[in-house]
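Convention: sequence-line order gives letters A, B, ...; per-chain numbering from 1.
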Amino acid sequence: ETGVTQTPRHLVMGMTNKKSLKCEQHLGHNAMYWYKQSAKKPLELMFVYSLEERVENNSVPSRFSPECPNSSHLFLHLHTLQPEDSALYLCASSQVRGLNQPQHFGDGTRLSIL
Amino acid sequence: AQSVTQPDIHITVSEGASLELRCNYSYGATPYLFWYVQSPGQGLQLLLKYFSGDTLVQGIKGFEAEFKRSQSSFNLRKPSVHWSDAAEYFCAATYGSSNTGKLIFGQGTTLQVKP
């Protein structure tokens with residue numbers, strides 16, 4: 001059962017392309033997150049949205065641009081990416097933003113930059 | 001800085017054997033602790049969590065974990081491993097000094113199960 005759906009599952013793009021990753025949660029949650037998972041590194045939190053407002057940006061380069069049009073949808077707009085941006089991008093959601101809130105993850109988008 | 005350490009990058013056990021995956025968190029205010037599992041090609045699934053109270057917590061799929069404050073540890077255990085348990089396991093924590101619910105992850109332990 002996955003209450004968090006990410007599309008596409010795989011994406012290959014050139015460094016000059018513009019693409020978007022989509023995340024949709026069906027859990028009625030109010031907080032959503034983007035993570036980057038690279039090989040041999042811990043998951044890196046990129047952005048946090050709470051009630052559609054961006055509340056955290058972890059020094060992410062401007063070539064990544066998030067958008068949260070409503071509490072169920074989260075996008076990550078990509079442009080002019082670098083080869084080191086190749087990774088698995090995971091979306092997560094939680095009931096609210098808080099210390100004891102378990103996060104529910106999607107299956108991720110595997111991004112490859114040529 | 002607050003951190004989570006999983007000392008074992010890779011562990012191999014035989015099917016039916018017992019399992020213990022180690023997790024240590026950096027000293028500080030008692031964190032909220034989680035274990036997640038990631039199967040190949042999938043996202044992370046929550047196995048169990050510890051907030052307070054009984055230091056031995058039960059999770060899904062027959063897993064349990066024990067919080068030991070004196071050792072700053074939250075090790076994951078299973079009495080008898082099944083082949084389907086082969087996956088990557090992540091320990092994570094959020095700390096009381098933060099109100100963002102920011103999960104700090106360990107680097108993960110890859111579990112291989114031998115027939």
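For chain B, the nearby part of Gln37(A) is the side chain; its heavy atoms alone come within less than 4.5 Å. Neither the backbone nor the side chain of Arg110(A) comes within contact range of chain B; no heavy atoms are under 4.5 Å apart. Heavy atoms closer than 4.5 Å to chain A are found in the side chain of Leu46(B), but not in its backbone. For Leu43(A), the parts lying under 4.5 angstrom from a heavy atom of chain B are both the backbone and the side chain.
Linking ILVMFWY side-chain heavy atoms closer than 4.5 Å, directly or via other members, places Met46(A) and Tyr36(B) in two distinct hydrophobic clusters.
None of Tyr25(B), Phe51(B), Tyr50(B) except one satisfies the ring pair (Phe, Tyr, Trp, His ring centres under 6.0 Å) rule with Tyr32(B); the exception is Phe51(B).
With respect to chain A, the highest number of heavy-atom pairs below 4.5 Å among Gln6(B), Lys49(B), Gln107(B), Gln45(B) belongs to Gln107(B).
One side chain, His77(A) or Ser20(A), offers a donor N or O that lies under 3.5 Å from an acceptor on the other.
When ring centroids are compared, Tyr89(B) and Phe63(B) come within the 6.0 Å threshold.
Aromatic ring orientation, Phe105(B) versus Tyr35(A): perpendicular (interplanar angle above 60°, classes split at 30° and 60°).
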